[in-house]
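Whatever order the structure lists ligands and atoms in, that order sets their numbers, starting from 1. Only heavy atoms go into these numbers, but all of them, side chains included; no hydrogens, no water, no symmetry mates. We're numbering straight along the sequence, starting at 1.
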Amino acid sequence: MNKSKIQEMETDFLIIGSGLSGLYAAIYASNFGKVSLITKSSIQESNSYWAQGGIAAAINDDDSIEIHKQDTLSVGCGLNNVGAVDVMVSEGTKRVLELIEQGMEFDRVESGFDFGIEGGHSRRRILHALGNETGKAVVDFLCKEVQKNNKISIYENSFVIDLFSNSKTCFGCLLFSDKKKNKISIHSKATILATGGGCGLYSQSSNPSSTSGDGIALGLNAGATVRDMEFIQFHPTVFSKDGAQNFLISEAIRGEGGQLVNHSKVRFMENYSKQLELAPRDVVAKAIFNEMRTNGEKNVFLSLKHLKSSLIKNRFKNTFELCLREGLDITKDDIPVSPAAHYMIGGVKTNTFSETNIKNLYACGEVACAGAHGANRLASNSLLECLVFAKRAVDSALRLSKKLEQIPPNLIEKAKKCSLISSDKKVERYLSYRISLSQIINNYVGILRNKKDLLLALNEISSIKRTNLDEFDLIDKRLMNLKSLTYLITKSALLREESRGSHVREDFSTQSAKWIKHISWKLNDGTLRFSYSKQ
Ligand code: SIN
């Protein structure tokens, strides 16, 4: 293959990622121009697809946007950007009602929508679909729209190698098409990152391992600011049985009465919170972790035996079937669960209009950090965030990215040098480092953290020497990205000397007023540098 050969394309809106925010942005943008939608797998495959709980929106009679806002702020532990919360809860309601008008079906009971409840919500406000397969239902609904829309070109199995950026302006991206086995440059007026988060970097995660923070690395390498990387949200109840795959056991099950018990079959949440199993996610995750550590066990159990078996089999059909495959009938057997990495609160810094610090580069959904979640995300706010900030990204692009700017020649020259075929040895090295990095952050940068463990983790991460890696080799580049992301998570966790939101620093066990600030990162001349900011 001729290494310097690049197929050239042009578009108005380049959208990277095909989860809820990518699909939504693509459909909306197609009203205004040509759209290229890129995904490293197929458009049905994304982390959004696996979302279970649902979409939180204040549309029930006893609810209001203000109450939803207060619940979001109270879980966020003082670090939310209040403006972003306002935008998310108020515009979110509109976006959800529009979806319903367009034909998206959420589950109903006789009296209207069957609103669910999860930890930290003071009202029943969670719309769900197909029982607890909300992500699948919404993604399938939008995929159908995308597939029949001739303004949208879909690039599946296409991995973005780099954004074309001179650290001030973004001009599009260089991608590798696995199908055509070639490099494609997409020159765009606006580029929207919608790649999702990176919790699949942890060896124990509710996310598929493909959720590897690629978009955050792309943003960082392009000169964008990345922040709040220490805030990894751990989901309290992920299926946890030796030899079996981890999968999410939705919080909605606790919303319908599921109870947590330890190995002595004793309910323990009353020792930790008056809200019992429906305390905010961080409180429940920390309580479970504490029980496991105190009793020297690898898991606790979620017990549903007291619930009607028809409720379990209908409302949580998917969970019932997945557990049955693992040999458990959850109408009779308790489910072994433990906390696992679930949601990346930090990401590419944006303002409330989804603009990054790079001209023509926007970000929305889990890859972005507009600050709506603060130090801990309220359950089922993430799909809502996707809808709101995807629309805002397109609106900002329409306002600010009107013309196709020339790609600087040095960026084209760099793209030509990029090699797609790595040696077997490099692929082997990548895979083995990926496994060890995922174990390092899982073991040392979990819910409970301390300086000694974090320094150990940093030491191991630094042992991968950048000098051995070739920035023009695709596999080496992916390894460098992996190294940067695990470094940012770990170093930020070390810098934050307090316990706030999603994690506990055992050596700084309280919240501190001086830490009402964010840790932001930028790549300057190949070196990652941090700074602090109030917003
Ligand atoms: C769940 O169903 O428990 C997950 C919902 C969420 O992460 O928002």
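Protein heavy atom in closest approach to atom 2 (O) of ligand 1: Ser250 OG, 2.7 Å. The closest protein non-hydrogen atom to atom 5 (C) of ligand 1 is Arg281 NH2, 3.4 Å. The closest protein non-hydrogen atom to atom 8 (O) of ligand 1 is Ser380 N, 2.6 Å.
Nearest heavy atom pair, residue His128 against residue Gly53, reads CB-O, 3.5 Å. The shortest non-hydrogen separation linking Ala493 to Arg449 is CB-NH1, 3.4 Å.
When each atom of ligand 1 is checked for a heavy atom of Ala379 under 4.0 Å away, the hits are 8 (O). Set against the non-hydrogen atoms of Glu251, the atoms of ligand 1 under 4.0 Å away are 1 (C), 2 (O), 3 (O). Interface of Gly53 with ligand 1, defined as ligand atoms under 4.0 Å from a residue heavy atom, comprises 1 (C), 2 (O). Against a heavy-atom cut-off of under 4.0 Å, His235 is close to the following atoms of ligand 1: 1 (C), 3 (O), 4 (C). Close approach of ligand 1 to His342 is summarised as follows: ligand atoms under 4.0 Å from at least one heavy atom of the residue are 4 (C), 6 (C), 7 (O).
Considering both main-chain and side-chain atoms, Leu378 never comes within under 3.5 Å of ligand 1 through any nitrogen or oxygen pair. For ligand 1, the polar-atom distance check finds no N/O of Gln52 at less than 3.5 Å from any of the ligand's N/O atoms.
Under the 3.5 Å distance criterion, the side-chain polar atoms of Glu91 are left unmatched by any main-chain donor or acceptor of Val388. A side-chain donor-acceptor contact under 3.5 Å links Ser205 to the backbone of Cys199.
Cation-pi geometry between Arg125 and Phe115 is not met: the NZ or CZ atom fails to fall both under 6.0 Å from the ring centre and inside 45° of the normal. Lys265 forms a cation-pi arrangement with Phe301, by the criterion of a distance under 6.0 Å to the ring centre and an angle within 45° of the ring axis.
For the ring-ring contact (aromatic ring centres under 6.0 Å, His included) test with His503, the passing option among Phe508, Phe289, Phe231 is Phe231; the others fail.
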